[in-house]
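Values reported hereafter were calculated over all heavy atoms of this structure, with side chains retained and with hydrogens, waters and symmetry mates removed.
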Amino acid sequence: MDKDWEKAEAGGPHLRRRSLLGAAAGVAAATGGVVTATAPARAEAAPRPAPAFTTGRPVVFRNATVVTGDPKLGVRYDTDVLVTGRTIRAVGRNLSAPGDAAVIDGRGAIVMPGMIDTHRHMWQTVIRGLGAEWTIANYFGWIYERWATFWRPEDLYAAALLSMVESIDAGVTTTVDWSQDLRSYEYAIAEAEGLFDSGARARLAYGYSFAPPQEWVTKGDVARLQRERFSSTDQLVTLQLAWDGTGTERAFPERPAWEFARAHHLPVTMHSGVRNWMADEQILNLRDNGFLLPTNTYVHCGTMSESNYELIADSGGTVSIAAESELNAGQGYPPTGRIRAHGIPVSLSSDTQVWWSADMFAAMRATLNADRGIDHYRAHAQDRTVLNNNLRTADVLRFATQGGADTLGLGARLGSITPGKLADLVMVRADTPSMVPLINPVSQLVFHAQRGEVDTVMVNGRVLKHDGRLLGGLFPRARRLAEASMNHLRERIGEQQWASAQQPGPYEIG
């Protein structure tokens, strides 16, 4: 057995699986057939040789558990998904596929819609984890007040590329790059090219948080970038605008930025309802000036009044929740319960990799835990008990998929496994120690699946990850560039600040 394992280790994951299957059969014979009931099933589920994913070749997922996210289709077992070109063509059993189709064995796996992250500051990825102990006050002190000017265009490129590679690896097929340090056209084009070069779907949310939007939106860089790289809305990477809400001045000096956004058909995403920073007046100003638009996305929204939520709901706007961020950094308690009470569409986000990762499984769990936790807390404060939970696992899975698509105005094209929609798909292993036995695929995707179980990722009909491996050789380059960028920033920041920033002072309330 030990020699077999050593050979398997040398041969990589495929050989390890085959060797373990063979070992299991041997144990069954030696023990009088104790495990013979499971050995044939394991052997039958052994992966086929990896298919060749050439451009334009049809792909069919066979015999999978398919969590479609489509209310009419629901969850399907032993089901196929056929993809031709960039489109989902059919969902059903024993589908007829073109003879040249690449076949992905879906036995022991769940096929689900690609997840969508609607708010991530990718430019900070090259200092990943540096702020694990931070509050939002620490973040502003180090990033905004000290370090932001140290980034070069090549650092933004490296950060965007690495962050997108991480998205692909984690089953996040669309990511909103909430880029707030685009101080010139050179910076903007560098970050945009990082997104394009990843091969995945993204939305560049063009922003600059170090000046009010009316000072930078209309000076020409945004229009030039839109003209030169974003002239089509039918491409993998698209454009919108991002800023830190609007001011509280009744004169509404941000009007030129909003008028530019509307004239250029660019939706706006903004930080809103952040404690001690984004006041209720910003929503009132938008209403009074005619810019409370259905294309607006409001990020965080934890400290808003109920009347503000009502205004957003009436306008058709959406909210992006970053529960890990809000619970750790202090923008305000994740308001999913309050938002849902007003019928506002919800999407999920990871915020920044200075703290967290691109793991939308973690985002779903954090959202569910925060929402249920506050329900229990409030009930206990009244000496009562929650008998049945309000927010369900199916809800947060929808937030992470269809909710994100709706937020980006792509709900008719993305977000569910529906024939005719674009083929952004993820296959998650369900034959792992954390997933068997498979009883409730939806709840197990939320509570039990890990990013390491993401087996296959398809974006726009193109397979970017398969059998647990990223394809195309992109990661080594992304890693090299990101490490070089980190070394540059560490040198600029200096060893004293680099060390002290990672260990803020003792617990304190101001």
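Looking at Thr336 and Thr367, their side chains never bring a donor and an acceptor atom within 3.5 Å of each other. A donor-acceptor pair shorter than 3.5 Å cannot be found between the side chains of Thr173 and Arg201.
A salt bridge links Arg152 with Asp155: the closest approach of a Lys/Arg side-chain nitrogen to an acidic carboxylate oxygen falls below 4.0 angstrom. A salt bridge between Glu166 and Arg120 is absent, with no side-chain N of the basic residue lying under 4.0 Å from a carboxylate O of the acidic one. In summary, Asp234 and Arg413 engage in a salt bridge, as defined by a charged side-chain N under 4.0 Å from a carboxylate O.
Looking at Gln444 and Leu438, their side chains come closer than 4.5 Å, going by heavy atoms from C-beta outward. Inter-residue side-chain proximity for Tyr298 and Thr318 is flagged as unmet; no heavy-atom pair is nearer than 4.5 Å. For the pair Val428/Phe361, a side-chain contact is recorded, criterion being any heavy-atom separation below 4.5 Å from C-beta on. In this structure, Met427 and Met458 have side chains that are not in contact, with every pair of non-hydrogen atoms separated by 4.5 Å or more. Counting only heavy atoms from C-beta outward, the side chains of Glu254 and Trp243 never approach each other to under 4.5 Å. Taking the side chain as every heavy atom from C-beta outward, Tyr185 and Glu228 approach each other to under 4.5 Å.
The main-chain N or O of Asn285 is found under 3.5 Å from a side-chain atom of Asn289 such that the two form a donor-acceptor pair. Under the 3.5 Å distance criterion, the side-chain polar atoms of Trp216 are matched with a main-chain donor or acceptor of Tyr208. Within the 3.5 Å criterion, the main-chain N or O of Val299 finds no donor-acceptor partner in the side chain of His271. Counting only distance, with no hydrogens or angles, the side chain of Asp314 and the backbone of Leu311 share no donor-acceptor pair below 3.5 Å. Looking at Gln353, its side chain never comes within 3.5 Å of a backbone N or O of Met122 through a donor-acceptor pair. Remark: side-chain polar atoms of Trp355 are paired, donor with acceptor, to backbone N or O of Trp134 under 3.5 angstrom.
Both tests hold for Arg229 against Phe196: distance to the six-membered ring centre under 6.0 Å, angle to the ring axis within 45°. In this structure, Arg255 forms no cation-pi arrangement with Trp258, as its terminal cationic atom is not both closer than 6.0 Å to the ring centre and no more than 45° off the ring axis.
Considering all non-hydrogen atoms of both residues, Arg451 and Ser357 come closest at NH1-OG, 3.1 Å. The minimum heavy-atom distance between Ser325 and Gln331, with the atom names listed, is OG-NE2, 2.7 Å. Nearest approach of Ala358 to Val172, heavy atoms of both residues: O-CG2, 3.5 Å.
Heavy atoms of other residues, nucleotides or ligands lying less than 6.0 angstrom from CZ of Arg227 number more than 12.
Of the candidates Thr238, Asp117, Thr118, Arg203 forms a side-chain hydrogen bond (donor to acceptor under 3.5 Å, both in side chains) with just one, namely Thr238. The one candidate from Asp395, Asp371, Asp375 that meets the salt bridge (Lys or Arg N to Asp or Glu O under 4.0 Å) condition with Arg340 is Asp371. Of the residues Trp142, Phe140, Trp147, the one that meets the ring-ring contact (aromatic ring centres under 6.0 Å, His included) test with Tyr144 is Phe140.
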Assess the residue pair Thr418 and Ile88 against the criterion (side-chain contact (heavy atoms from CB on, under 4.5 Å)); give the C-alpha distance rounded to whole Å, side-chain angles, the decisive distance to 0.1 Å, and a yes or no. CA-CA 7 Å; Thr418 302; Ile88 301 166; 5.9 Å; no
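In this structure, the side chain to side chain donor-acceptor pair (under 3.5 Å) partners of Ser209, at least two apart in sequence or on a different chain, are Gln180, Asp244.
Note: Trp123 and Tyr187 fail the aromatic proximity criterion, with ring centroids not under 6.0 Å apart.
By the 30° and 60° cut-offs, the orientation of the rings of Phe260 relative to His264 is parallel.
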